[in-house]
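Working notes for the structure below.
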Amino acid sequence: RACKMASGSAALSVVAVAMAAALLALCGSTEAHTQFGAYNKTCPQAEDIVFKEMTAVVAKSPGLAGSLLRLFSVDCFVGGCEGSILLDSTTNNTAEKDSPLNKGLRGYDVIDSIKAKLEAACPGVVSCADVLALAARDSVRITKGPYIPVPTGREDGNRSSAADVTPNTPKPDASITGLITFFGKFNLTAKDLAVLSGAHTIGKAHCSAFSTRLYNFTASNNISDPTLDANYTATLRGQCAAGDLATLVDLDPNSGTTFDLGYYRGVAASMGLLSTDGALLLNEDTRAYVTCQANATAPAEFFADFAASFINMSKIGVLSHHKGQIRRHCSAVNPLSASSQAPVTMGAHAAVLLASSFVSIVALALVL
Ligand code: HEM
């Protein structure tokens, strides 16, 4: 039985997602902004370079898979998937990465080293926003999750302001209604919320992200969140002593380095680490999705749902058609002297230009 949700579309099978991807690739583009294999002509080895680097990185430091997946989602929610999370602060500007809410983000150096390899192979071609998207989808694949055929062709933005972070980050104690509204601002449904929260099947959270649930749930001390399983609360107290804000704990208590159904099994058993994970049980539709996946015998449906919702998220606020640039270094906008033009790819845009040139030549020939 499929884990359908009233507010979401019917789940597609992995085969259906792959077929849709192939069809869209043949047609050229998903929409005006991004397309499958945007670098096929300009840097055919780009996706292989990212995958090879990510495989080596995760083999050495398995924890970085989760960090890179999260980095991409934070980039998309704050100002769109345009690489703004990677920009460093300057003398006149405090960037997103220096917002106190983003202090825990990790993996910037991985993006920089992948980008250096891409610049050596194809200078000025692959955007930092796409490096983030590809590294995130490879994190999923390498941890035994689905292969996600993510469209590329995003350009990099110039703006990164710490002030944009708070309004575009869900609050740690957000209610389920608040979370659904938050996702709605980005055209993401309650189903996308239930599905994308499944990213917490890999990676870790600092004790600071959930210690209130263990020690200070109400105003009085040593009161824990009653919605959290009592044994799990005791285990977590063992991992995070009161006042310890720095230790990292697996978000999925069942299998923190494998992309599987362990997250849903944990949440369904009142072992969702973050308050926002537990909140999925407080709405009829999101609860139905969680319990259905928790009881599923195979991850195929979750994988297909995740691929579809990931692609939805990867379209937020994309820049294209030279509205952005291809940054040479992901941590800084290009100096004015360097070319800030994105390479022109043969898409609908170029086809229109070609067609109009042809019409002009014919018109000129007729006049002459
Ligand atoms: C429902 C909204 C979400 C909330 C409230 C939320 C919140 C959080 C928090 C508080 C952490 C722990 C950060 C830390 O302590 O360092 C975290 C980690 C993580 N999040 Fe989310 N998140 C949400 C959605 C997402 C989405 C959409 C994705 C990706 C598709 C994602 C992927 C991750 C991953 C992989 C980690 C582990 C990071 C690591 O190991 O470094 N999250 N999230």
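Along the sequence shown, the residues carry numbers beginning at 1. Counting starts at 1 for both ligands and their atoms, following the listed order.
Counting only N and O atoms by type, the side chains of Asp192 and Ser309 include a donor and acceptor under 3.5 Å apart. Side-chain atoms of Asn93 and Thr90 include no donor-acceptor pair closer than 3.5 Å.
Shown in contact with Arg106 at under 4.0 Å from a heavy atom are these atoms of ligand 1, numbered in order with element: 39 (C), 40 (O), 41 (O). Set against the non-hydrogen atoms of Ala205, the atoms of ligand 1 under 4.0 Å away are 12 (C), 14 (C), 15 (O). When each atom of ligand 1 is checked for a heavy atom of Ser67 under 4.0 Å away, the hits are 39 (C), 40 (O), 41 (O). For ligand 1, the atoms sitting less than 4.0 Å from at least one non-hydrogen atom of Ile202 are 35 (C), numbered in the order shown with element in parentheses. Set against the non-hydrogen atoms of Lys204, the atoms of ligand 1 under 4.0 Å away are 37 (C), 38 (C), 39 (C), 40 (O). Atoms of ligand 1 found under 4.0 Å from any heavy atom of Leu193, numbered from 1 in the order shown, are 1 (C). Of all the atoms in ligand 1, the ones that sit under 4.0 Å from a non-hydrogen atom of Gly66 are 34 (C), 35 (C), 38 (C), 39 (C), 40 (O). Shown in contact with Thr276 at under 4.0 Å from a heavy atom are these atoms of ligand 1, numbered in order with element: 5 (C).
Pairs of residues two or more places apart, or lying in two chains, that qualify as disulfide (SG to SG under 2.5 Å) and include a residue from residues 228-259 are Cys207-Cys240. Applying the side-chain hydrogen bond (donor to acceptor under 3.5 Å, both in side chains) rule to pairs touching residues 167-181 yields nothing, sequence neighbours excluded.
Inspection of the environment of atom 21 (Fe) of ligand 1 yields the following protein N, O or S atoms under 2.8 Å: His200 NE2.
In terms of protein heavy-atom proximity, atom 14 (C) of ligand 1 is nearest to His206 ND1, 3.2 Å. The protein atom (non-hydrogen) at minimum distance from atom 2 (C) of ligand 1 is Pro170 CG, 3.7 Å.
Classification of the Phe259-Phe302 ring pair by plane angle, with boundaries at 30° and 60°, yields parallel.
Through side-chain heavy atoms spaced under 4.5 Å, either directly or across other Ile, Leu, Val, Met, Phe, Trp or Tyr residues, Val333 is tied to Leu87.
Nearest residue to atom 27 (C) of ligand 1 from Leu196, Asp252, Leu105 is Leu196 (criterion: closest heavy atom).
Screening Val50, Thr55, Leu69, Thr143 for a side-chain contact (heavy atoms from CB on, under 4.5 Å) with Asp138, the sole residue that qualifies is Val50.
A donor-acceptor pair under 3.5 Å is absent between the side-chain atoms of Ser89 and the main chain of Thr94, judged by distance alone.
Counted within 6.0 Å of NZ on Lys52, heavy atoms from surrounding residues, nucleotides or ligands total 12 or fewer; the atom is thus considered open. Within 6.0 Å of the CD atom in Gln45, the count of heavy atoms belonging to other residues, nucleotides or ligands exceeds 12.
What you find for Arg159 and Glu96 is that their closest heavy atoms are O-OE2, 4.4 Å.
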